[in-house]
Amino acid sequence: MGHSMLSGARRFSGYFFSRSPLITVRSNSSSPFRAAIAFPARSRSLTTMASESLPASVEALSLQSTTQKSEYPGCFPSLNPMDIYREHIATELSKATGIDAQKIYSRLAWTNTLDKGDLTLPVPALGIKKNPAELCQELASKFPESDLVNPPTAFGPHLQFFCKPKALTDTVLGRILKEKAAFGTNGNQGLKDPSDPSKGQKKIIIEFSSPNIAKAFHMGHLRSTIIGGFLANLYTVMGWDVIRMNYLGDWGKQYGLLANGYKAFGNEEALAKDPINHLFDVYVKVNHIVSEQEAPIKELKEQIKQKKEKNEDVAALEAELAKLVDASEDEKARRYFKSMEDGDPEALDLWRRFRDLSILKYKQAYARLNIDFDVYSGESQVKKESMANAFKAMQDAGVAEESEGAVIADFTKHGAKKLGKAIIVRKDGTPLYLTRDIGAILERDEEYKFDKMIYVVASQQDLHLAQLFKVTELSGRKDLSDRCQHINFGMVKGMSTRKGTVKFLDDILNDVGDKMHEVMKKNQTKYEQVENPVATADTLGITAVMVQDYTGKRINGYDFNLEAMTSFEGDTGPYLQYAHARLCSMMRKSGLTEEELSSANFDLLTEKHATDLIRLLATYPDTIINASKTLEPVTILAYLFKMTHALSSSYDVLKVVGSEPDIKKARMALYFSARQVLHNGMRILGLNPVERM
Ligand code: ARG
């Protein structure tokens with residue numbers, strides 16, 4: 001392979017045809033399927049790991065894919081154990097009854113609880129004109145003897161299938177122990193053409209976080225960061241080529257304010273040391289002046305208005321007003337920003353320094369959340385030319401119209417009443433937030449030729465994004481707007497640190513880490529065993545924040561509750577970490593090696609607690625697929641809590657230490673597999689599983 005090949009292309013060829021895959025997943029005795037290849041996704045991250053400014057936590061996710069084809073669409077038995085069962089049931093039931101196998105396959109559903117079976121067939125969904133309960137009985141009686149599933153049971157109109165424990169255990173535990181971090185991933189999902197891997201991976205841009213330089217990093221930015229990071233991981237383990245993009249608020253009059261403020265209050269040393277905080281301080285100071293200057297200006301305007309009503313002479317007052325306005329920080333900022341727009345090199349130099357230094361700091365904060373952006377774009381990066389082109393397309397399509405000297409889009413005239421009207425170009429000819437987004441969407445399409453683009457932005461901006469997509473569609477680019485999606489989320493109330501209001505990401509994370517440290521100290525004996533309590537508290541704190549955020553559906557807001565999120569009780573981040581650390585400690589105490597576990601005799605895992613846990617582990621790959629449909633982190637989080645609850649009720653029944661050697665080994669293999677699945681799920685959620693705490 002030539003060195004000039006793009007890394008993406010090189011990665012792709014390694015994906016399916018590499019002769020030396022990192023892990024080769026061998027076939028399992030109970031399954032007729034072969035060869036899945038696992039490799040670390042985003043090889044780019046491996047190089048990032050070496051860069052000194054980022055902690056090693058930003059590491060690559062694993063990914064596996066297969067060259068095998070199934071007659072059922074989206075069915076990958078060599079990657080997903082449940083697909084073996086769906087394929088088996090559909091084929092056998094079809095043979096026995098003559099019902100279309102594809103139809104059966106597509107109707108087979110998950111169950112919410114294990115007592116309802118491992119898979120269920122809602123018989124009415126087959127669309128056969130017969131009494132459903134009777135039909136269900138009939139299908140149950142016709143289903144043949146099978147090595148994989150017990151004779152199905154009719155439950156009302158549902159045909160319930162229970163996997164036979166032995167084959168399921170061998171497949172599931174055997175695979176997890178072999179595939180490790182790749183278990184549950186499915187690179188085939190992200191193929192452009194599932195039948196022809198050589199056409200490559202689908203490309204997705206995920207735009208998230210997008211804070212505004214020199215302004216506070218508020219809860220909207222934090223949620224966007226956490227949710228966007230999750231989505232990026234999710235698409236990665238589904239085999240998409242993911243571009244993580246940060247669209248900074250890095251342009252506009254506020255940079256004029258900031259630059260002038262910096263000249264008055266700035267300090268090189270402070271800027272170099274802590275650019276984000278220093279620039280924020282400068283911005284606050286200069287804004288204070290702006291608001292002080294506003295009052296007399298407003299008063300003067302009011303006086304002029306009143307005098308005019310009485311037909312009195314206002315020339316003197318108007319001259320005074322002009323003087324005040326001219327000398328105001330706000331007007332100076334406007335002029336400064338104009339010089340930036342006009343390309344003044346000195347003004348741009350200073351702005352670029354602010355921007356670069358801020359990005360450097362952001363990068364370190366993001367790394368604490370396991371996030372590393374591919375692109376730092378921003379409002380400043382949108383070319384005038386793209387905005388002009390977009391504007392022309394809007395005019396040609398009759399979407400743009402003049403209104404009181406400005407140019408607007410009146411959506412009410414284009415079948416979208418709810419979207420109202422939006423200004424596209426201001427009276428003074430300057431573009432707006434929306435105008436830049438319209439230019440940017442076209443630029444991104446040109447530059448990246450993406451298959452999909454997601455904007456992770458608070459629901460407060462629902463209207464903005466709806467207008468963006470509608471303008472795009474109305475300008476003749478429905479092909480583009482159809483590929484874009486707004487992933488929104490609700491508000492968070494009460495985010496403040498104990499020292500005051502939050503300004504930046506680091507403040508939030510440090511504060512939660514401190515609180516976590518206090519909580520840990522309450523259990524002195526345990527605390528003393530922790531090797532590096534400060535670092536552990538930091539990781540647990542970050543987990544606490546993220547898990548709280550993931551706990552409900554995205555659209556629901558929540559209260560930022562430091563007490564609740566840092567508790568070890570209930571479904572919290574610390575609880576999840578504790579479950580992981582406990583499994584790691586069990587493995588250490590067992591004295592067994594990973595190698596030894598692969599020769600465990602799974603036949604010894606006969607207790608209901610063991611088989612139920614295995615049944616849950618079997619559904620992990622389906623959970624990831626489901627999450628890729630809901631795009632809700634809670635889909636994975638709820639699964640992990642369900643699984644860890646099953647785990648904790650097993651500890652007393654399935655003891656490891658003190659058991660007879662073969663049993664000990666088999667149980668440890670089970671627990672180790674559960675740990676692996678917990679680890680994999682946590683990693684997709686962007687969490688760093690801890691090994692001790
Ligand atoms: N910087 C914006 C804000 O803080 C969010 C940007 C969202 N993305 C976009 N393409 N408009 O409100």
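Whatever order the structure lists ligands and atoms in, that order sets their numbers, starting from 1.
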- Message: Give the atom numbers and elements of ligand 1 that come within less than 4.0 Å of a heavy atom of Ser210.
- Response: 1 (N), 2 (C), 4 (O), 5 (C), 6 (C)
- Nearest-neighbour protein heavy atom for atom 1 (N) of ligand 1, which is reported as residue plus atom name and distance: Asn212 OD1, 2.7 Å
- Check: Thr412 side chain, Lys417 main-chain N or O, donor-acceptor pair, under 3.5 Å: no
- Message: As a check for students: among Tyr433, Tyr247, Tyr455, identify the option with a heavy atom nearest to atom 2 (C) of ligand 1.
- Response: Tyr433
- Note on the structure: Of all protein heavy atoms, the one nearest atom 12 (O) of ligand 1 is Gln461 NE2, 2.9 Å
- Message: Under 4.0 Å between a side-chain nitrogen and a carboxylate oxygen: does that hold for Asp506 and Lys361?
- Response: no
- Message: Between Asp396 and Lys392, does any side-chain N to carboxylate O distance fall below 4.0 Å?
- Response: yes
- Message: Determine whether Tyr262 and Glu268 satisfy the following criterion, side chain to side chain donor-acceptor pair (under 3.5 Å), listing intermediate values before the conclusion.
- Response: CA-CA 9 Å; Tyr262 187 75; Glu268 280 297 315; 3.0 Å; yes
- Under 3.5 Å between some N or O of ligand 1 and some N or O of Glu379? no
- Of all the heavy-atom pairs spanning Phe265 and Val286, show the shortest one and how long it is. CE1-N, 4.1 Å
- Query: At the 4.0 Å heavy-atom cut-off, does His221 count as touching ligand 1?
  - Reply: yes
- Is the shortest side-chain N to carboxylate O distance from Asp451 to Lys202 below 4.0 Å? no
- Item | Min N/O separation Glu207 to ligand 1 under 3.5 Å | yes
